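Just so you know, these numbers use all the heavy atoms, side chains as well, and skip hydrogens, waters and symmetry mates. Note that the coordinates shown come from a computational prediction; the quantities given were computed from them, not determined experimentally.
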Amino acid sequence: MSNKPNSPLLQRDGTRALLASLLSILIGLVTGAIVILIVGMLNPSISLKGAWDGIRLVLFGVFSTGRDAVGALTFGFNPTNLGNMLFRATPLILTGLSVAIAFKTGLFNIGASGQYLAGTCASLFLALSIPSTVVPAWLIWLIAFLGGVLAGALWGAIPGLLKATLNINEVIACIMTNWIAASLVTWLFDISNLKNMVEGTKSGYIYKTTYNGVATAKLGLDKIFPGSQVNGGIVIAVVMAVLVYILLEKTTFGYELKACGANRHAARYAGIRDKRNIVCSMAIAGAMAGAAGALYYLSGNTEFFWSTYQALPSEGFDGIAVALLAVNNPIGVVFTGIFMSLLSIAGLQLTNLTAYNEYITDVIIAVIVYLSAFSLVIKLWISGRKAAGKPPLFARKKPDGAGITPAATEAAAAPAAPEETGKEAQE
């Protein structure tokens, strides 16, 4: 598989990775449609018409505008749904970046949930504890955001340090730090004065940051998507994705990180400080997850529920799905994060407008993620690399129509061996 500039587009690794992801999405959507159809046929209260409505909502739910006077679904530009989709995509993009960075450097960051909690805790404490009557609200927001990023980085560095110095598997270390973070954050909020005491029915919640006059700037997005929760956080997430791409693909430091991921011992032999890079990789991954928690709750329109942490935040695990579907490409993470958010909005529309529930979209996501985990197999199927030597699916053709492989093409174009050239010269 060639990545040379003069290689045919369909024979490049990046193109095949994209096709594998698109095929995973397509199969997932088809599977979801089949599930919706089967449930509709077996449930008399839904019927085939209701099943057809469910399929349309899964595909185009973000454009749903409700039902008309006769009960038929209507579709069009829905600024509220689109804005909420971008708002929900913000933490998914950043946790996806967190997982992708670790994957790129040969590590599996399953600790994004704990790092997300660390960023949430630090940002809320800073945003609500610094009086806005003394410090400008925009400066408090900046301090809180950077504090959340730093907290996530420190929490992510812990499993990285254990991996680098003691060779403890990062998956085990991340699982432990996840639950430590959950318990620690619960305890810190429990003893704090940040609990919502104004609204008696919300004693288990932390105040919104707007209680102190702190909120993420809208940057004019509220004019484009009125009635939604969208704010400038989505812009920050996209900028961070671009910066991560530049770091990994265009800098020496990024090359060293990926070299350690490819072969830690070979990288050390080449003079690369592998232990430092492992810790840095997990710290950067933790910073992305911490930023996700900070941006979500610094929006000013969401509340943090702290009192019963029976489960970890789903955003951390959803980031694994986002990274897998994007094949760990930082730019691809932006699009897969938005796609996953789109399915989430579609699930809400499915629940509100039909007799189905939103868990059908979870089935679709599960199928997509499952197939994304086998993206290499799908890429090999696309390229047609069979043990029997069958030609690639997108191989170039001879003038007479017979297919040849790229390897055969390169071999035919290669110069003859010196021995053969000398023999021909003698003849």
Side-chain angles (χ1 to χ4, degrees), residues 3 13-14 17 92-116 118-119 146 148-174 177 236-292 316 319-334 336-337 372-373 375-376:
N3 285 314
D13 259 349
L92 294 180
I93 291 170
L94 290 169
T95 53
L97 284 175
S98 175
V99 177
I101 290 169
F103 270 139
K104 281 280 190 180
T105 53
L107 301 169
F108 185 19
N109 180 27
I110 202 173
S113 293
Q115 296 146 19
Y116 179 93
L146 294 177
V149 172
L150 180 60
L154 292 175
W155 205 253
I158 295 173
L161 190 63
L162 293 173
K163 173 72 174 181
T165 57
L166 302 176
N167 200 30
I168 295 176
N169 187 280
E170 72 275 7
V171 174
I172 297 174
C174 284
T177 54
I236 296 172
V238 172
V239 170
M240 294 181 78
V242 173
L243 292 176
V244 168
Y245 174 80
I246 294 172
L247 172 69
L248 290 176
E249 303 297 334
K250 306 297 181 181
T251 67
T252 303
F253 178 61
Y255 173 80
E256 291 181 353
L257 290 178
K258 292 188 292 182
C260 287
N263 191 318
R264 175 181 177 181
H265 304 291
R268 185 194 308 150
Y269 181 77
I272 296 174
R273 299 172 62 182
D274 58 313
K275 292 183 178 180
R276 182 203 65 179
N277 287 326
I278 288 173
V279 177
C280 287
S281 170
M282 288 300 294
I284 297 172
M288 295 297 108
I320 299 174
V322 170
L324 282 174
L325 194 56
V327 202
N328 304 318
N329 185 297
I331 304 300
V333 162
V334 175
T336 55
S372 298
S375 60
L376 178 60

Check whether any side-chain heavy atom of Ile110 lies under 4.5 Å from a side-chain heavy atom of Ile320, and answer yes or no.
-> yes

Between Ala291 and Val149, the two heavy atoms sitting closest are CB-CG2, 3.7 Å

Rounded to the nearest 0.5 angstrom, the CG-CG distance for Leu107 and Leu257 is 9.5 Å

Is Cys260 close to Thr105 at the side-chain level, that is, under 4.5 Å between some pair of heavy atoms?
-> no

Could you walk me through whether Cys280 and Phe253 pass the side chain to side chain contact (heavy atoms under 4.5 Å, CB included) check?
-> CA-CA 10 Å; Cys280 287; Phe253 178 61; 3.8 Å; yes

Tightest non-hydrogen contact, residues Ala323 and Ala100, listed as CB-N, 3.9 Å

When rounded to the nearest 0.5 angstrom, what is the spacing between NZ in Lys275 and CG in Asn167?
-> 9.5 Å

Is it true that a side-chain atom of Thr336 and a backbone atom of Val322 form a donor plus acceptor pair closer than 3.5 Å?
-> yes

Does the distance from a Lys or Arg side-chain N to an Asp or Glu carboxylate O, for Glu249 and Lys258, drop under 4.0 Å?
-> yes

Gap between atom SG of Cys174 and atom CG of Asn169 - 0.5 Å precision = 9.0 Å

Tell me, do Met240 and Leu94 make a side-chain contact under 4.5 Å, heavy atoms counted?
-> yes

Leu243 and Leu247, any side-chain heavy atoms less than 4.5 Å apart = no

Write down the atom of Gln115, the atom of Gly286, and the distance for their closest heavy-atom approach.
-> OE1-CA, 3.3 Å

Nearest non-hydrogen partners of Ala292 and Thr95, listed with the distance = CB-CG2, 3.8 Å

Check: Glu170 side chain, Phe108 main-chain N or O, donor-acceptor pair, under 3.5 Å = yes

Give the minimum heavy-atom separation between Ala289 and Ala112, together with the two atoms involved.
-> CB-O, 3.6 Å

List for me each residue that meets salt bridge (charged side-chain N to carboxylate O under 4.0 Å, His left out) alongside Arg268, sequence neighbours excluded, and say none if there are none.
-> Asp274

Just wondering, more than 12 heavy atoms not from Arg276 lying within 6.0 Å of its CZ?
-> yes

Any idea which heavy atoms bring Val334 and Ala241 closest together, and the distance?
-> CG2-CB, 3.5 Å

With rounding to the nearest 0.5 Å, note down the distance linking CD1 in Ile272 to CD in Glu256.
-> 5.0 Å

In Å and rounded to the nearest 0.5 Å, what is the OG1 to CG distance from Thr177 to Leu162?
-> 8.5 Å

Among Val171, Val279, Ile278, find the residue that satisfies the side-chain contact (heavy atoms from CB on, under 4.5 Å) test when tested with Lys163.
-> Ile278

Using a 4.5 Å cut-off on heavy atoms from C-beta on, say whether the side chain of Asn109 contacts that of Met282.
-> yes

Which residue pairs pass the side-chain hydrogen bond (donor to acceptor under 3.5 Å, both in side chains) test when at least one of the two sits in residues 236-248, sequence neighbours left out?
-> none

